[in-house]
Amino acid sequence: MNTLTLQANNPNDILVAAHLLRAGEVLAMPTETVYGLAADALNPAAVAKIFAAKGRPQDNPLIVHIADAKQALSLVREFPVEAKHLAAAFWPGPLTIILPKHPAVPDVTTAGLNSIALRVPNHPAALALLQTSELPLAAPSANRSGSPSPTTAQHVRDDLKGRIAAIVDGGTCCLGVESTVLDLTGGTPLLLRPGGVTKEQIEQVLGRSINVSPAVTQPLGEHEQPASPGLKHRHYAPKAQLTLVQGSLRAFVAFAKREKPDGLLVFNSDVEALRKAGLPQQILSYGSNANEHAQQLFAALRELDNRRLHTVFVRPPSQHGIGLAVYNRLLRAADFCEVKPNFVLGLCGPTGAGKSTAANILNAMGCLVIDCDDLAREIMQPGSAVLHELAAQFGREIVREDGSLNRGELAARAFANEDGRRALNAITHKAITALTLAHARAAQGRVVVVDAAALLESEIAQHCDHIAVITAPHDVRRARILARDNMTADAADQRMAAQTNMDFSGHTTIENTQDEAELVAKLRELLAKILPLDYAIS
């Protein structure tokens, strides 16, 4: 199909577009929100062309655009007083009102629902098309289903050239996100989709509170019927996998450094700080305030694909005013992948320095402590894959008849030479690392402390936001070991000698020489220095 380009400010082109609509064709028209894919809402064959062009699931209802509130009367069974008040306040404008539909409206337009979604767009070209064609126009966003909505004629061409009859080019849409959808078919008005008209504005006009559908911030259930566009199926999505990262900019930076996505989508005010932080990712921004976030969001999502990015971390806006609409679109674009990152503090130190005491203090402060010694025992339970691998490496004799590990036999074989020690670490460190990271990632929004004597020798260190080393003088450590482990002085000296070459350079060291109160104070001072503001400790 040859797709014509028509100009919104050319009266002759508007006449051509109106003729195409009356002939049952589909075309893209500009609105103040996004470009819509318009067809005669009362012509089932024409409406079917919308679904074909978009590749849109037919259980997704369409919004019907009308020229004025009077036109609504022939499309609904009733037009209640609250609808009249809202229409007077917000039409033309980005508010869609759901009302009981008239039997004349085809089921294909409403996805079989007994209700119809109506709005009067606030764009001169859209209004001219409605008035000239004298048709109600079903017009979902003019993009391939699931992809970011179009806010320029070029976005429409990129998605639908050759699939529709024409594109009416009206420049860049001024609002940038789809209309608010409000359901008036029940007792209390229900906000189904946030948009350019905010919840607070609606409540001010109605003089009462309205409800917000859980579907605004949660996915619909598998068998739930969507009552509004944009509620079902992955929506507004680029090809890149988005992850919304909640919290402060400092936490965002730490998380991005640790997880290493391909790109970052942030606020304009974040860009300089991210570059100063030395992040290597491609950095895109989408505005400085709530209105700019809305206007620039979909263009930014399309740019992610232009740059062929695969994984992108996003800073979502606040959920107030139009920010709720932007947050809603980002949630669906990310397929509800949202995290509040933890902060991972690695804790290590030589034997006798007091690492375990420090871990207990941090646990009492509210941190989640992951003891890698406990994990080491967990991965070597009878029948485990790690125990099977160790037996293959060091011989079946390291496993007792009851299936448990014979630790003495394993130590004798593994520590007989350097090759044995390396083989042991290669097997155990890999499994402990995987289990540690799984526990850490599950603890969203918390300070996670990884207590590991061999931390700096393992891959876990690469996933820590900060590493603290607990140290103490040689004689203090020796005295503690003798008192703690009931061993001979020679055995204590031998154990300490095995750690004489440990390199802690480049990490924070905390000397633990006095009483526990001093260590508590030093740990509090460390956390106050390194933690983002939104990580609380007791």
Side-chain angles (χ1 to χ4, degrees), residues 1-8 10-31 33-68 70-76 96 101-121 123-145 149-150 153 155-170 178-179 229:
M1 179 186 297
N2 179 36
T3 300
L4 299 175
T5 296
L6 305 173
Q7 297 303 316
N10 185 327
N12 289 329
D13 282 1
I14 293 296
L15 288 172
V16 171
H19 172 75
L20 289 170
L21 290 168
R22 286 194 296 267
E25 296 296 340
V26 175
L27 56 81
M29 69 176 184
T31 77
T33 59
V34 299
Y35 273 73
L37 193 57
D40 179 358
L42 301 180
N43 181 341
V47 173
K49 291 181 181 180
I50 292 177
F51 290 99
K54 284 177 65 73
R56 181 187 179 100
Q58 293 198 19
D59 63 350
N60 224 351
L62 305 179
I63 290 173
V64 176
H65 294 66
I66 51 179
D68 52 40
K70 288 182 181 179
Q71 193 176 11
L73 300 179
S74 64
L75 302 171
V76 299
T96 294
K101 78 167 183 175
H102 191 280
V105 180
D107 283 347
V108 67
T109 301
T110 62
L113 298 173
N114 291 321
S115 57
I116 184 170
L118 298 172
R119 92 174 183 99
V120 179
H123 192 286
L127 289 171
L129 279 172
L130 287 161
Q131 293 159 1
T132 304
S133 69
E134 299 181 329
L135 298 172
L137 297 177
S141 55
N143 56 310
R144 295 301 297 272
S145 186
S149 298
H155 294 163
V156 181
R157 277 189 284 271
D158 291 343
D159 278 13
L160 298 175
K161 184 178 180 181
R163 301 175 68 88
I164 60 177
I167 300 170
V168 179
D169 189 342
E178 296 84 353
S179 62

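Only heavy atoms go into these numbers, but all of them, side chains included; no hydrogens, no water, no symmetry mates.
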TODO: First locate atom CG of Leu129, then atom OG1 of Thr31, and finally report the distance between them rounded to the nearest 0.5 Å.
DONE: 11.5 Å
TODO: Decide yes or no for His65 and Met29: does some side-chain heavy atom of the first lie under 4.5 Å from some side-chain heavy atom of the second?
DONE: yes
- [ ] Using the side-chain contact (heavy atoms from CB on, under 4.5 Å) rule, take Tyr35 and Asn143 through it: C-alpha gap first, then chi angles, then the decisive distance, then the call.
- [x] CA-CA 8 Å; Tyr35 273 73; Asn143 56 310; over 6 Å; no
Open item on the list: Atom CD of residue position Glu134 - does it have more than 12 heavy atoms of other residues, nucleotides or ligands inside 6.0 Å?
Closed with: no
- [ ] Would you tell me whether Thr132 and Arg22 have side-chain atoms, one donor and one acceptor, within less than 3.5 Å of each other?
- [x] no
Open item on the list: Could you go through Ser115 and Thr110, starting from their C-alpha distance and side-chain angles, then the distance that decides it, and tell me whether this counts as side-chain contact (heavy atoms from CB on, under 4.5 Å)?
Closed with: CA-CA 7 Å; Ser115 57; Thr110 62; over 6 Å; no
Task: Gln7: partners by side-chain contact (heavy atoms from CB on, under 4.5 Å), with sequence neighbours left out - done: Thr5, Asn9, Asn10, Asp13, Asp169
- [ ] Indicate the atoms forming the closest heavy-atom contact of Glu25 with Ala165, along with that distance.
- [x] CB-CB, 3.9 Å
Task: Nearest-0.5 Å distance, CD1 of residue Ile66 to CG of residue Leu75 - done: 6.5 Å
- [ ] Taking Thr3 for its side chain and Ile164 for its backbone only, find out whether a donor-acceptor pair lies under 3.5 Å.
- [x] yes
TODO: Could you pull out the closest heavy-atom pair between Pro136 and Leu42, with the gap in Å?
DONE: CG-CG, 3.9 Å
TODO: Give a yes or no answer on whether the side chain of Lys54 reaches the backbone of Ser141 with a donor-acceptor pair at less than 3.5 Å.
DONE: yes
TODO: Verify whether one side chain among Thr33 and Ser179 offers a donor that lies under 3.5 Å from an acceptor in the other.
DONE: no
Open item on the list: Side chains of Leu118 and Thr96, heavy atoms from C-beta outward: is any pair under 4.5 Å?
Closed with: no
Open item on the list: Nearest 0.5 Å, please: how far is CG in Leu135 from CG in Leu130?
Closed with: 8.5 Å
Open item on the list: Testing the basics here: between Leu21 and Ala39, what is the closest heavy-atom pair and its distance to 0.1 Å?
Closed with: CD2-CA, 4.0 Å
Task: Qualifying residue, where the test is side-chain contact (heavy atoms from CB on, under 4.5 Å) with Leu20 and the options are Leu27, Val168, Leu15, Val26 - done: Leu27
Task: Any donor-acceptor N or O pair under 3.5 Å, side chains Ser149, Glu178 - done: yes
Open item on the list: Less than 4.5 Å apart, side chain to side chain, heavy atoms only: is that true for Thr109 and Pro61?
Closed with: no
TODO: Decide side-chain contact (heavy atoms from CB on, under 4.5 Å) for Val76 and Ile116; before the verdict, give the C-alpha distance in whole Å, the side-chain angles of both, and the deciding distance to 0.1 Å.
DONE: CA-CA 7 Å; Val76 299; Ile116 184 170; 3.8 Å; yes
Open item on the list: Lys101: which residues meet the salt bridge (charged side-chain N to carboxylate O under 4.0 Å, His left out) condition with it, sequence neighbours left out?
Closed with: Asp107
Task: Backbone of Ala53 reached by a side-chain donor or acceptor of Arg163 within 3.5 Å - done: yes
Open item on the list: Main chain of Ala67, side chain of Gln71: is a donor-acceptor contact present, judged purely on distance under 3.5 Å?
Closed with: yes
TODO: Write down the atom of Ala28, the atom of Ala142, and the distance for their closest heavy-atom approach.
DONE: CB-CB, 4.0 Å
TODO: Please answer whether the main-chain N or O of Gly24 pairs with a side-chain N or O of Asp40 as donor and acceptor at a distance below 3.5 Å.
DONE: no
Task: Stepwise side-chain contact (heavy atoms from CB on, under 4.5 Å) test for Leu160 and Leu37 - done: CA-CA 10 Å; Leu160 298 175; Leu37 193 57; 4.0 Å; yes
- [ ] Please report the shortest heavy-atom distance between Ala126 and Pro30, naming the atom on each side.
- [x] CB-O, 3.4 Å
Open item on the list: For Pro106 versus Asn43, what's the shortest heavy-atom pair and its separation?
Closed with: CG-N, 4.5 Å
